[in-house]
Structures are given as structure tokens and as C-alpha cells.
Amino acid sequence: MIRSEQHKDYKQVERVVRRAFEASGQPYHHEHALVGRLRSSVAFVPALSLVAEKDGQVVGHVLFTRIQIGNDSTAVESLALAPVSVLPEYQNQGIGSRLIETGLERARELGFASVVVLGHSTYYPRFGFEPAERYGVRAPFKVAPENFMIVSLRAGALANVQGMVRYAPEFSESCD
Ligand SMILES: CC(C)(COP(=O)(O)OP(=O)(O)OC[C@H]1O[C@@H](n2cnc3c(N)ncnc32)[C@H](O)[C@@H]1OP(=O)(O)O)[C@@H](O)C(=O)NCCC(=O)NCCS
């Protein structure tokens, strides 16, 4: 079952994020702490923090937070998908996909026009993500172009979107 995260889930979500990233072999950037910071941010959209529950246990989580794309004079609102986590023993069963698909659908219903992700170029295109540089959308850090992606949530949404992505400051705060 995919549903909105509730306060009572916070501990379990922390564990899911920590275990998913620790087991992934990637350098661990304290993503569980990032989730905690983002919950207190103005960029937080409670309806877009989703958990996957199985047998009464939280086994997956995804978070979408508000970002801006543009320059100083014009900026449009968008969302960042980050992080997404599934407990290692529940991976490769479609749970991550269900979380992402449900999140994109909800974001569309809430009126958001696009979503940006920094991630694996072999995973996110299945949800419609394309390299953001095709639309003139740039990351605020150095990244291989194929890993910085964007998906439109409504027709023509990317036509007038250009510039650099500005994440919530909580993304770059210290993890300590
Ligand atoms: C990425 C993640 C959320 C996917 O969850 P999941 O429930 O296993 O996903 P699904 O079952 O829907 O999809 C599995 C697919 O994802 C692919 N996948 C998983 N990790 C991947 C990675 N690091 N790079 C590329 N593809 C990956 C699998 O190969 C599989 O591909 P297939 O469908 O072609 O066989 C999960 O692997 C995870 O928690 N990883 C650690 C945290 C992380 O790296 N998060 C993403 C960055 S924010």
C-alpha cells in the first residue's frame, strides 16, 4: 500500500532510508538526516512524502520537495524527487516504481508542472524522465548530463522553463 507519510512513521522511515543507502554501496551522505531537515522546510509538501507499507511495516519511502527553476528575474516552481528508498530485502519487487509513479500522479493532481531528479540514467527514464539539459535546465552543481533529469507533468510545461535549479537550502546544510 502506498500512502502519505504520517508523524508516527518518522522512525521507520529513517531506518528505511538509512538501510537502503547504506546497503547500496554508494557513499553515505546521511540521507535520513536530509529527510528530517526537509520535513521542517518550506519546500516540504506533506502530501508528497509517501511511504510503502507491507504487513504493517514501512518498507519504502519517497519525497518530493519544492524547487525553483530559472534565473533572478523569472523562476518557476517545480519539484525535486529525492530521496527514494526501499529496504534492501524488498528491492526489485516494483515498490520503488510504485512509490515514484504514485508521487508523480499526486504531484500532477496538486498542479505541479514538472519534477527534477538527480539519479541513475538507466532507472528514471522508465517514468518519463529525460536529460534536463534538453530543456535548458541546469543543475547547480557539476553532474554528468545523463544523471540530471526532468519530467513534464502536463503538456507544454517545459516550453518556458529554463535556467538553473534552486534547491531548498536544507539540501546543502551540514549533515551533522
Ligand atoms: C533505487 C531503489 C529505490 C529502487 O527500488 P526498487 O523497489 O528496487 O525498484 P523497482 O523494483 O521498482 O525497480 C527495480 C529496478 O531498479 C533498478 N535499480 C535499482 N538500483 C539501481 C541503480 N543504482 N542504478 C540503476 N538501476 C537501479 C534495478 O536494476 C531494477 O531494474 P529492472 O526493473 O530493469 O530489473 C532502491 O534500489 C534503493 O532504495 N536504492 C538505494 C537508495 C538509492 O540509491 N536511491 C536512489 C537515489 S535517490
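We use all heavy atoms of the structure for the numbers below, so side chains are in, but hydrogens, waters and symmetry mates are not. Note that ligands are numbered from 1 as they come in the structure, with each ligand's atoms numbered from 1 the same way. Values in this document were obtained by computation on a predicted structure and should not be read as measured data.
When non-hydrogen atoms are compared, ligand 1 lies under 4.0 Å from the backbone of Gln93 (N, CA, C, O) but not from its side chain. Neither the backbone nor the side chain of Glu31 comes within 4.0 Å of ligand 1, counting heavy atoms alone. If you look at Gln91 next to ligand 1, the close heavy atoms, those under 4.0 Å, come from the backbone and the side chain alike. For Thr122, every heavy-atom contact with ligand 1 shorter than 4.0 Å involves the side chain, none the backbone.
Arg98 does not count as a contact of ligand 1, since none of its heavy atoms falls under 4.0 Å from the ligand. At least one heavy atom of Ser85 sits less than 4.0 Å from an atom of ligand 1. Contact annotation: Tyr124 has at least one heavy atom less than 4.0 Å from an atom of ligand 1.
Below 3.5 Å of separation, one finds an N or O of Val86 facing an N or O of ligand 1. Residue Gly96 places at least one N or O, backbone or side chain, under 3.5 Å from an N or O of ligand 1. Between Arg126 and ligand 1, at least one pair of N/O atoms sits closer than 3.5 Å.
Atoms of ligand 1 lying under 4.0 Å from at least one heavy atom of Gly94, given by number and element, are 10 (P), 11 (O), 12 (O). Atom numbering of ligand 1 starts at 1 in the shown order; those under 4.0 Å from a heavy atom of Val84 are 3 (C), 42 (C), 43 (C), 45 (N), 46 (C), 48 (S). Heavy-atom contacts of Ala20 reach the following atoms of ligand 1: 39 (O), 41 (C) (cutoff under 4.0 Å).
Shortest contact from atom 28 (C) of ligand 1 to any protein heavy atom: Asn92 OD1, 3.5 Å. Nearest non-hydrogen protein atom to atom 21 (C) of ligand 1 is His120 CD2, 4.3 Å. Closest protein heavy atom to atom 44 (O) of ligand 1: Gln26 NE2, 2.8 Å. For atom 12 (O) of ligand 1, the closest non-hydrogen atom on the protein side is Ser97 OG, 2.5 Å.
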Set out, in order, the CA-CA distance, both residues' side-chain angles and the distance that settles salt bridge (charged side-chain N to carboxylate O under 4.0 Å, His left out) for Arg3 and Asp9, then state yes or no. CA-CA 11 Å; Arg3 60 169 176 80; Asp9 301 316; 2.8 Å; yes
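When the heavy-atom distances from atom 43 (C) of ligand 1 to Tyr123, Phe127, Tyr90, Phe21 are ranked, the shortest goes to Phe21.
The backbone N or O of Gly119 sits less than 3.5 Å from a side-chain atom of Asn147, completing a donor-acceptor pair. Looking at Thr102, its side chain never comes within 3.5 Å of a backbone N or O of Leu99 through a donor-acceptor pair.
Under the 30°/60° scheme for interplanar angles, the aromatic rings of Tyr167 and Phe141 are found to lie parallel.
Salt-bridge formation is detected for the pair Arg39/Glu5: a Lys NZ or Arg NE/NH1/NH2 atom is positioned less than 4.0 Å from an Asp or Glu carboxylate oxygen. Between Arg138 and Glu133 there is no salt bridge, since no side-chain nitrogen of the basic residue lies less than 4.0 Å from a carboxylate oxygen of the acidic one. A salt bridge is absent between Arg19 and Glu14; no separation between the charged side-chain nitrogens and carboxylate oxygens falls under 4.0 Å.
The shortest distance between side-chain heavy atoms of Leu81 and Phe127 does not fall below 4.5 Å.
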